[in-house]
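Working notes for the structure below.
Labels below follow one simple rule: chain letters A, B, ... track the order of the sequence lines, proteins then strands, and each chain is numbered from 1.
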Number of protein chains: 2
Amino acid sequence: MLKAQFDHTNCSDCPIRHRAVCAHCDVDELEALEGIKYYRTFEAGQTVIWSGDQMNFVGSVVSGIASLTQTMEDGRTQMVGLLLPSDFVGRPGRETAPYDVLATTDLVMCCFRKKPFETLMGSTPHIAHRLLQMTLDELDAAREWMLVLGRKTAREKIASLLSIIARRDASIAPKQKPGPIVFDLPLTREAMADYLGLTLETVSRQISALKKEGVIELEGKRHVTIPDMRRLMDEAGDDSDGGFLV
Amino acid sequence: MLKAQFDHTNCSDCPIRHRAVCAHCDVDELEALEGIKYYRTFEAGQTVIWSGDQMNFVGSVVSGIASLTQTMEDGRTQMVGLLLPSDFVGRPGRETAPYDVLATTDLVMCCFRKKPFETLMGSTPHIAHRLLQMTLDELDAAREWMLVLGRKTAREKIASLLSIIARRDASIAPKQKPGPIVFDLPLTREAMADYLGLTLETVSRQISALKKEGVIELEGKRHVTIPDMRRLMDEAGDDSDGGFLV
DNA sequence: GGTTCCACTTGATCTCAGTCAAGGTTTCGT
DNA sequence: ACGAAACCTTGACTGAGATCAAGTGGAACC
């Protein structure tokens, strides 16, 4: 039994809550994964993969944040997804990347070579199922975000983003106290603007406004405290506190 | 061999290009599908399923158009997907619908009872694969649409929508001549506005403008001719004519 | 310790799309 | 044929967010 080599205690890099398909948590056929799994690290700002490039791996984020970004010829850009630790990247059965993947912060990814991974998927229906589930989740998140982009005001957009990051952060370090939520913004104002379909100036102004009105507290430019999560979510226009994730 | 009972000639309702998982095209285990497949029809404006409802079927659109819509408490709505003939609806492994499904026109759907369908999926990896592929396509389309919602001008949004409908229409009746493209708009101005994150007045104005400038021709309010597809796509800000579909 | 660079903030102004309002057309029921 | 209800168009005005521009604060690098 090879399992011992790959169990959680042997893999300090991977967080326990590895939602993605991963040797440590999901696959008994560990022999099949030996040699096709590897780690890659990126510095903040580096491009993981360019839109249109050959994509010969799939994988999941171990630490750091990556973004999926689309760009028009004239330079307008829209972030179409945010990859937080445990999120999966890649398209089984797709040759090229449909958008740029950028390391927003320093980034560690746990990758699998694509071909063998696909083979494994063919012989392990359980993985295909898992992947389908995850893709459906992503689709829901994308569609939820369409409502944000299409119908919310700048202020609501900012509040929506903050509450997503807060919730996501809390679930990774699930010390869910009833008290204030504290986290560091992993995105620059510009990255937030690209995610929200705004300009960085508008982002800055709205954050200042939320701060002045006490909805959030700021220490420096990135360290955020949310004294009352309920209030933030009201600002976001969300009714359901039902957990949609990025 | 039961196949004869279900082959294309026996199913006048279903279009040949049934992209979805369907007894006629994809499954040899036809016995398994007998009794779990049925047709439902809806009139324009009817609700197929409400957000939050129990969803006990999956299926695909045979004819007509359905929309996936999200609504905020204050009534703002955003369409998050358009279901054209051959598109799939439903969430294997999900209990409740995440958004409203509305019949935008008169609608015929080819449905499968969910439980047996899931069972079948478990025993037929081929279907799970197909479904994963389709979900990934939908995800790409949703993300492409995020760029439209977040970064395009009203004019570009209209042009984007028209070119999607035109392309989609052409692929269903693939008589792809190089000449002008002709089709009927399946959406009201209001529905277009909900899809594009605009108001119906703005939609109307932009369509009038495109008409005045000869980018499109209109006969009545719905019958559209596109004399030069290339020009429309320039207006949409799309560079790649690469086929992204709704 | 100063210079440089980068991320951010704030102000002034402009513009695109939203809002409010009125009127036109088509369709459908009686 | 008439009236009502959808659906669509157009105009005048308003306002949220974009654009342009100047300035602040902190970290890194000689």
Rounded to whole angstrom units, what separation is found between the [atom1] atom of [X] and the [atom2] atom of [N]?
{"X": "L198(A)", "N": "dA18(D)", "atom1": "CG", "atom2": "C1'", "value": "10 Å"}
{"X": "I158(A)", "N": "dG17(D)", "atom1": "CD1", "atom2": "P", "value": "10 Å"}
{"X": "L200(B)", "N": "dA21(C)", "atom1": "CG", "atom2": "P", "value": "15 Å"}
{"X": "L196(B)", "N": "dC16(C)", "atom1": "CG", "atom2": "C1'", "value": "16 Å"}
{"X": "L218(B)", "N": "dC8(D)", "atom1": "CG", "atom2": "P", "value": "11 Å"}
{"X": "K212(B)", "N": "dT9(D)", "atom1": "NZ", "atom2": "P", "value": "13 Å"}
{"X": "L210(B)", "N": "dT9(D)", "atom1": "CG", "atom2": "P", "value": "12 Å"}
{"X": "R155(A)", "N": "dA18(D)", "atom1": "CZ", "atom2": "C1'", "value": "19 Å"}

Under 4.0 Å: is that the gap between some side-chain N or O of [X] and OP1 or OP2 of [N]?
{"X": "R205(A)", "N": "dG17(D)", "answer": "no"}
{"X": "T202(B)", "N": "dA17(C)", "answer": "no"}
{"X": "T199(B)", "N": "dG18(C)", "answer": "yes"}
{"X": "S208(A)", "N": "dT10(C)", "answer": "yes"}
{"X": "R189(A)", "N": "dC6(C)", "answer": "no"}

- Can you list the steps and then say if D74(B) with R76(B) is a salt bridge (charged side-chain N to carboxylate O under 4.0 Å, His left out)? CA-CA 6 Å; D74(B) 62 7; R76(B) 282 176 281 178; 2.9 Å; yes
- Query: Are R143(B) and E138(B) ion-paired here, with the side-chain N under 4.0 Å from a carboxylate O?
  - Reply: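 Salt bridge absent between R143(B) and E138(B).
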- Message: With a 4.0 Å cut-off on N to O distance, would you call R189(B) and D194(B) a salt bridge?
- Response: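 Salt bridge absent between R189(B) and D194(B).
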- How about E213(B): does its CD atom have over 12 heavy atoms from other parts shown lying under 6.0 Å from it? yes
- Determine whether more than 12 heavy atoms belonging to other residues, nucleotides or ligands lie under 6.0 Å from atom CD of E201(A). yes
- Contact class for R222(B) vs. all strands (heavy atom < 4.0 Å): base, sugar-phosphate, or nothing?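 The residue R222(B) makes sugar-phosphate contact but no base contact.
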- Task: Indicate, with a heavy-atom threshold strictly under 4.0 Å, whether G45(A) touches base, sugar-phosphate, or nothing.
- Result: nothing
- Query: What pair of heavy atoms forms the shortest contact from G150(B) to L149(A), and how long is it?
  - Reply: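 Looking at all heavy atoms of both residues, the shortest contact is CA-CD2, 4.3 Å.
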- Message: Going by side-chain hydrogen bond (donor to acceptor under 3.5 Å, both in side chains), S160(B) matches just one of R155(B), E235(B), K152(B), E144(B). Which one?
- Response: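 Among R155(B), E235(B), K152(B), E144(B), the one meeting side-chain hydrogen bond (donor to acceptor under 3.5 Å, both in side chains) with S160(B) is K152(B).
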Out of [options], which has the shortest distance to the side chain of [X]?
{"X": "T153(B)", "options": "dC8(C), dG17(D), dA17(C)", "result": "dA17(C)"}
{"X": "Q206(A)", "options": "dA17(C), dC8(D), dG17(D)", "result": "dG17(D)"}
{"X": "K221(B)", "options": "dA17(C), dT10(C), dT25(C)", "result": "dT25(C)"}

- Message: With hydrogens left out and only the distance checked, is there a donor-acceptor pair under 3.5 Å joining E201(A)'s side chain and the base of dC8(C)?
- Response: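 No, the side chain and the base share no sub-3.5 Å donor-acceptor pair.
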- Message: Heavy-atom nearest nucleotide on DNA chain C for K152(B) versus M192(A): which residue maps closer to 5'?
- Response: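 Closer to the 5' end of DNA chain C: M192(A).
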- Message: So if I take the C1' atoms of five pairs at each end of the helix from dG1(C)-dC30(D) to dT30(C)-dA1(D) and get each local axis, what angle do the two axes make, rounded to 10 degrees?
- Response: 40°
- Task: Using the six-membered ring of F183(B), assess whether NZ or CZ of R168(B) lies under 6.0 Å from its centre and within 45 degrees of the ring axis.
- Result: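 Cation-pi check for R168(B) and F183(B): fails.
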